[in-house]
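Working notes, beginning with the structure itself.
Numbered from 1 within each chain, the chains take letters A, B, ... in sequence-line order. Since we're looking at a predicted model, the values are computed, not measured.
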Protein chains: 2
Amino acid sequence: MPASKSGQTDAYSLILDAIDGGTFRPGDRLVESELAERFNVSRTPIREALQRLETQSLLAREGRSLIVASLDHNQTSELYVVRSELEALAARLAARHATPEEVRVLREMVLTDDALVDDPTALSRNNRRFHRQIHLASHNRYLVQQLDLVYRSMALMARTSLAAEGRGLIAQAEHAKIVDMIEARDEAGADEALRSHISVAFVTRLKQEAAQLEREG
Amino acid sequence: MPASKSGQTDAYSLILDAIDGGTFRPGDRLVESELAERFNVSRTPIREALQRLETQSLLAREGRSLIVASLDHNQTSELYVVRSELEALAARLAARHATPEEVRVLREMVLTDDALVDDPTALSRNNRRFHRQIHLASHNRYLVQQLDLVYRSMALMARTSLAAEGRGLIAQAEHAKIVDMIEARDEAGADEALRSHISVAFVTRLKQEAAQLEREG
DNA sequence: CAGTGGCGGTCTGCATGCATTTTCCGGGGC
DNA sequence: GCCCCGGAAAATGCATGCAGACCGCCACTG
């Protein structure tokens, strides 16, 4: 029987979401026939999806089969270096090119988040939206594309509880500062504000990793 | 009959090379059955290859079928902005992390090219190798991957005779300067040298585009 | 004469069968 | 007790059949 219902998204998105949502964890082996059964399609679309994900380095080959890629500590650092640079560029370009309407949307996102400091899940989702809005405000399609890739790879990093205590409030202040700089058309300031924001996020992640290692042994 | 001989590379590389080599030009429509026949495989591997290329934005959808993506002037500019930033980052990291052996390889590449100033094709090939060597010397796998993507997209830019007259010699000097900076561990200097190198290359391309537009009417 | 409806061809997308290869497991030998 | 080898099961990779959608063309009608 064909794929059945209507709201059916394609296999690619399904697998991507499963990785993103933690259903498939780094190191897991993905077997075509299993996925085909799970998502109720034939192996063909699954194969295509897997190859696309492999192209983006979200999956890696181990022997002949595919596993969810994982990032060791070094790769995580490398990823943050690149992310930092690209996000800073996006901020700089946003300060130069954002329309007043885009700035206003950013501003409102920050205000909305003020009401959510106690809801880590919602904050995390909004955080991603906030950053994406900055990317778009750069008006550089290539940059947006590259940053998409970065964010996807970030899903592979060792999973950490997404909001360390207190991070919410601090991040809020950082976000507000970023919007200020963009609104003021201060390119260097926006660049710096974003770099420092990412840096704090990286430090937070490292601390969480360290704590996790301790728990595990 | 199966794919026949031995030296057979996969469909993905075949199509990629064809785009890179100009056999398929931006705007060309790629029909699965045609490609299957041309490369003497079935439609399945072709389909997979096409989807992978689409994921990298080397192909775009037009209605239901796939065409080779093309970059308008704006996109070209956007691409150069990102490229500039990433290459500069690579140079900075190379200045920090390159091993003496890697520096030596870079140095030798520049010297070798001195003998080739009259062979644009060879120069162009070596140019790409030179830059890739810098990327690798950054010792940042993510950066290497992102830059790979950038270089692939560059194949989509309006085709220009790859070496404008005189560009060979100038580029040689620029390359030498870059290596100097990396060898001296001067991160800011390497960053700046690479930015300026890319900038000159971009200017050259713009001039060629302008000349071409004039020729065409 | 113009507009519309139907019809054929073509291409994409998915399913499935088949061959090849790898991997895993067990038994036997050293 | 450990290692090596052989066979079976499973998983990948490719080919091909089939259904559905879209495009263009032509005829038919108002």
Side-chain angles (χ1 to χ4, degrees), chain A residues 1-20 23-70 152 156, chain B residues 1-20 23-70 152 156:
Chain A
M1 191 192 305
S4 72
K5 295 294 192 295
S6 51
Q8 195 84 4
T9 39
D10 62 336
Y12 173 76
S13 308
L14 287 172
I15 298 175
L16 188 57
D17 288 347
I19 293 175
D20 208 76
T23 307
F24 301 142
R25 325 269 305 209
D28 286 0
R29 181 151 172 241
L30 296 185
V31 176
E32 293 177 5
S33 46
E34 284 176 13
L35 295 170
E37 191 174 355
R38 169 194 271 260
F39 295 127
N40 197 33
V41 293
S42 81
R43 282 177 47 223
T44 306
I46 297 291
R47 279 179 61 73
E48 292 164 352
L50 291 180
Q51 296 205 9
R52 288 174 68 172
L53 292 166
E54 184 194 358
T55 301
Q56 297 175 51
S57 297
L58 288 171
L59 302 181
R61 291 212 167 256
E62 190 190 61
R64 183 149 69 179
S65 54
L66 287 168
I67 62 173
V68 180
S70 61
R152 263 176 227 157
L156 301 176
Chain B
M1 191 191 304
S4 75
K5 292 295 190 299
S6 52
Q8 194 84 5
T9 39
D10 63 336
Y12 173 76
S13 308
L14 287 170
I15 298 175
L16 187 57
D17 287 347
I19 293 174
D20 207 77
T23 306
F24 300 142
R25 326 269 303 209
D28 285 0
R29 178 145 175 252
L30 297 184
V31 177
E32 293 179 5
S33 47
E34 284 175 14
L35 295 171
E37 189 173 358
R38 169 194 272 259
F39 295 128
N40 197 34
V41 292
S42 81
R43 279 177 48 222
T44 304
I46 297 291
R47 277 179 62 73
E48 292 165 352
L50 292 180
Q51 296 207 7
R52 289 175 66 173
L53 292 166
E54 183 194 358
T55 300
Q56 297 175 52
S57 298
L58 288 170
L59 302 181
R61 288 206 172 261
E62 190 190 60
R64 185 145 69 177
S65 53
L66 288 167
I67 62 172
V68 180
S70 61
R152 267 181 222 151
L156 301 176

(request) State whether B:R47 places a side-chain N or O below 4.0 Å from either non-bridging phosphate oxygen (OP1 or OP2) of C:dG13. (result) yes
(request) Measure the distance from CD1 on B:I46 to P on C:dC14 and round it to the nearest whole Å. (result) 17 Å
(request) Please determine if a side-chain N or O atom of A:S42 lies less than 4.0 Å away from the OP1 or OP2 oxygen of C:dC14. (result) no
(request) Using atom CG of A:N40 as one end and atom C1' of C:dC14 as the other, report the distance to the nearest whole Å. (result) 12 Å
(request) Starting at atom CD of B:E48, determine the distance to atom P of D:dC14, rounded to an integer number of angstrom. (result) 6 Å
(message) Quick check for you: among C:dC14, C:dT21, C:dT16, whose closest atom lies nearest to any side-chain atom of B:R43?
(response) C:dC14
(request) Provide the closest heavy-atom pair for A:R29 versus A:S65 in the form atom of the first, atom of the second, distance. (result) NE-OG, 2.8 Å
(request) Whole angstrom is fine here: how far is it from CZ in A:R61 over to C1' in D:dA11? (result) 12 Å
(request) In whole angstrom, give the distance that lies between atom CD of B:E32 and atom P of D:dT16. (result) 15 Å
(request) Please state how far atom CD in A:E37 lies from atom P in C:dT16, giving the value in whole angstrom units. (result) 13 Å
(request) Determine the minimum heavy-atom distance between A:A69 and A:P26, stating which atoms define it. (result) O-CB, 3.4 Å
(message) Among D:dA11, D:dA15, D:dA21, which nucleotide has an atom closest to any side-chain atom of A:S33?
(response) D:dA11
(message) Between P on D:dG13 and OH on B:Y12, what's the gap in Å once rounded to a whole number?
(response) 16 Å
(message) Could you tell me how far apart A:L50 (CG) and D:dG13 (C1') are, to the nearest whole angstrom?
(response) 13 Å
(message) For a quick test of reading the model, state the closest non-hydrogen atom pair linking A:L156 to A:S57 and the distance between them.
(response) CD1-O, 4.0 Å
(message) Between D:dA15 and B:T44, counting only base atoms on the nucleotide and side-chain atoms on the residue, is there a donor-acceptor pair under 3.5 Å?
(response) yes
(request) Check B:L16, B:V68, B:L66 against B:L58 for a side-chain contact (heavy atoms from CB on, under 4.5 Å) and give me the one that passes. (result) B:L16
(request) Would you mind telling me which of D:dA21, D:dA11, D:dA15 lies closest to the side-chain atoms of A:V31? (result) D:dA11
(message) If we check side chain to side chain donor-acceptor pair (under 3.5 Å) with B:T55, which of these qualifies: A:E48, A:R52, A:Q51?
(response) A:R52
